[in-house]
A.B. asks: 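Before I ask anything, let me first share the structure, which is written out below as structure tokens.
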Amino acid sequence: MCGIVAYIGHQQAFPIILKGLKRLEYRGYDSAGVALLNDDLLLYKKAGKVSNLEEYTKDKTLDSNVGIGHTRWATHGAPTDLNAHPHKSGDDRLAIIHNGIIENYSSLKKELIERGHSFESDTDTEVLIHLIEEIIKQDNVSLEEAVRYSLNEVVGAYAIVVIDKENPNKLIAARNSSPLVIGIGKDEFFVASDATPIIEYTKNVIYLDDEQVAIIERGEEVKIVDIANKTITPYIQELEMNLEAIEKDGYDHFMLKEIYEQPQSIRASMLGRLNSITGQVTLGGVEEFETKFMNAERIIFVACGTSWHSALVGEYMIEDLARIPVEVEYASEFRYRNPIITEKDIVIAISQSGETADTLAALELAKKKGATIYGICNVVGSSIARATDAGSYTHAGPEIGVASTKAFTAQITVLALMALTLAQKKGSITKTRYQELSNQLNDIPNLVTKVLESNDQIKYIAEQYKDAANFLYLGRGYNFPVALEGALKLKEISYIHAEGYPAAEMKHGPIALIDESMPVVAIATKVANYHKVVSNIQEVKARNGNIIGIVTEGDESIREISEHVIEVPKTDEFLDPLVSVIPLQLLSYHIAVLRGCNVDQPRNLAKSVTVE
Ligand code: G6P
């Protein structure tokens, strides 16, 4: 959470930082600010979105080649102008941007107050910059040394960049648990929370590791030390991302673009892994760990949010085909509940960003307990991807809309490939079934394209229900996680209360809520338990609920008892979530747009949750 950008070089820093902050707004958008160095330290910050900052700075002095910028998701202190970053030292010499939480800020603050410091904001970050200031004064050390010393005193997570009026040719950056990328251009450097603000200037980047400090100086090579002052040789790598992938490309919102990208992103997840001619599946990470997987007594998925929903689909798939016991855990619960984990367990983290603090911590716990750890991540080079023993990238391309869409279907695609690979190796699947499923998986992008053709019809349905106060989503089997995901999408972006439920569980509570004003989205495709879902729909009908059925093409029975039906093409039950979730994504999208909500940046949410 929170996005940070910094620049030092020969260009004007402000436009680069502002553009970078707009790219990072998915990480938080409570307030934004910049600090620029010319002869003075210029500081501009504003509550609200980056556009507020842009407006506010229109008539300000912005001439500078060095600066830092921040877009915030508030943790300590309300989202006000004063709490916005950057924060300054008491002597107005230093400025800092910070993503993360300094957990021992209150004791540090007390000590600093005793030494005469006073604070303008309620943030933990202001404490850190005062601590750096104090160290410079007391120990008479260089800026980089002071930053390093201070980081030895703090407990918590950070990605920071510090600038200093008396060292205008330097940026000092550091990280622990929050991501930080350094871009190396020609006579210029960039620092950011992810590569999106950097990509149009350079493809050469260094991903900083935990407890490392980078000294970035004009005309010099980047130097890296760890917080114990050991020199680290920087590893410069080339970014694979391209600029088009992070632009809206004519769509009104990133979310809509990402929904429409799914035929390509699902294909990209299969590329080089599913041979479309022979139907053979090869998933590198699993091959690498074949013995471990074959001897695994259990697979445990850890994840949060939408990724947790795809983990549920993964559980069904792997147990069904490969007959390995699977558990699915909320990372935030798992990490604190002293779970039983053995060396025979494989713990798989699923994460779009690869940065979710709870998921990372759950993985570290599993590693400590001796389990093999594996990652299914979208962001290449992310913290989870780097922490794991092996893994599979989802290759969905950058996902910018806060509500996850294409990352979800890419995760399920990788899980399907994993289940097929494991089943084949275990001999738990017949050749015919394997072939049938891999052929159908190969055809999924075409089926998704077909579902997207229902967009206008879905928009019409959205118009009918945009003012509903509650929604219920029902599904069984493989479509139960899809019901959860449909409800989550609606809550996230339209602020309508929604619940996802296993269709048969409805009788044990939610049925009491059903009346003529309750829309019920029933995922009732022609897969196992179809007739049982039809009975559940009848139960809703008997109580005057409004049914929106997601049905298999040509299904007439559900049409007769529903207010609306959205047809999806027939596929195997195992792959059904990949097509049945698409109408739910579009339904939420249109309802949110019709309600005037900010679809790409819903209130209170952030895409990359780097705090627990
Ligand atoms: C946040 C996002 C969700 C996402 C969840 C897990 O809550 O808003 O869209 O599903 O984090 O994120 P991850 O990057 O680990 O998949």
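All ligand and atom numbering here is 1-based and tracks the order in the structure. One-based numbering along the sequence shown.
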A.B. asks: Write out the residue and atom name of the closest protein heavy atom to atom 7 (O) of ligand 1, then the distance separating them to 0.1 Å.
C.D. replies: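 For atom 7 (O) of ligand 1, the nearest protein heavy atom comes out as Val609 CG2, 4.0 Å.
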
A.B. asks: For atom 3 (C) of ligand 1, grab the closest protein heavy atom and report residue, atom and distance to one decimal in Å.
C.D. replies: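 For atom 3 (C) of ligand 1, the nearest protein heavy atom comes out as Glu492 OE2, 4.1 Å.
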
A.B. asks: Considering both backbone and side-chain atoms of Ser353, is one of its nitrogen or oxygen atoms within less than 3.5 Å of a nitrogen or oxygen in ligand 1?
C.D. replies: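 The answer is yes, given that Ser353 and ligand 1 share an N or O pair closer than 3.5 Å.
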
A.B. asks: For a quick check under 3.5 Å, do Ser31 and Asn83 share a side-chain donor-acceptor pair by atom type?
C.D. replies: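 The answer is no; no qualifying pair exists.
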
A.B. asks: Out of Tyr260, Tyr26, Tyr589, which residue meets the ring pair (Phe, Tyr, Trp, His ring centres under 6.0 Å) rule with His253?
C.D. replies: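 Between His253 and the candidates, ring pair (Phe, Tyr, Trp, His ring centres under 6.0 Å) is satisfied uniquely by Tyr589.
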
A.B. asks: What are the atoms of ligand 1, with element, lying closer than 4.0 Å to any heavy atom of Thr306?
C.D. replies: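 Answer for ligand 1: 10 (O).
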
A.B. asks: Name the closest protein heavy atom to atom 6 (C) of ligand 1, giving the residue it belongs to and the distance to 0.1 Å.
C.D. replies: Cys304 O, 3.4 Å

A.B. asks: What residue and heavy atom of the protein are closest to atom 12 (O) of ligand 1, and at what distance?
C.D. replies: Thr356 OG1, 3.3 Å

A.B. asks: If you count heavy atoms of other groups shown closer than 6.0 angstrom to CD of Glu319, is the number above 12?
C.D. replies: yes

A.B. asks: Consider only side-chain N and O atoms of Thr306 and Glu485, and report whether a donor and an acceptor are under 3.5 Å apart.
C.D. replies: yes

A.B. asks: Salt-bridged, Lys19 to Glu200, with N to O below 4.0 Å?
C.D. replies: yes

A.B. asks: With nothing but distance in play, are any N or O atoms of Thr359 less than 3.5 Å from an N or O of ligand 1?
C.D. replies: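 For ligand 1, there is no N or O atom that lies under 3.5 Å from one belonging to Thr359.
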
A.B. asks: Report, in ascending order of atom number, the atoms of ligand 1 lying under 4.0 Å from any heavy atom of Ser307.
C.D. replies: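 Answer, ordered by atom number: 10 (O), 13 (P), 16 (O).
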
A.B. asks: Below 4.0 angstrom from a heavy atom of Ser351, which ligand 1 atoms are there? Numbered from 1 as shown, please.
C.D. replies: 13 (P), 14 (O), 15 (O), 16 (O)

A.B. asks: May I ask you to identify the nearest protein heavy atom to atom 8 (O) of ligand 1, giving residue, atom name and distance to one decimal place in Å?
C.D. replies: Ala606 O, 3.1 Å

A.B. asks: Run the numbers for me: atoms of ligand 1, each under 4.0 Å from some heavy atom of Val402, listed by number.
C.D. replies: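 It comes down to these atoms of ligand 1: 8 (O), 9 (O).
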
A.B. asks: For the residue pair Tyr374 / Ser392, report whether a side-chain donor-acceptor contact shorter than 3.5 Å exists.
C.D. replies: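 Indeed, the side chains of Ser392 and Tyr374 share at least one donor-acceptor pair under 3.5 Å.
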
A.B. asks: Taking the non-hydrogen atoms of Ala403, is any one of them nearer than 4.0 angstrom to ligand 1?
C.D. replies: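 The answer is no: ligand 1 sits nowhere under 4.0 Å from a heavy atom of Ala403.
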
A.B. asks: Taking C-beta and beyond as the side chain, do Asn378 and Ser353 meet within less than 4.5 Å on heavy atoms?
C.D. replies: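 Contact flag for Asn378/Ser353 side chains = no.
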
A.B. asks: Assess the pair Tyr473 and Tyr501: is the distance between their ring centroids shorter than 6.0 Å?
C.D. replies: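 Ring-ring flag for Tyr473/Tyr501: false, centres at least 6.0 Å apart.
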
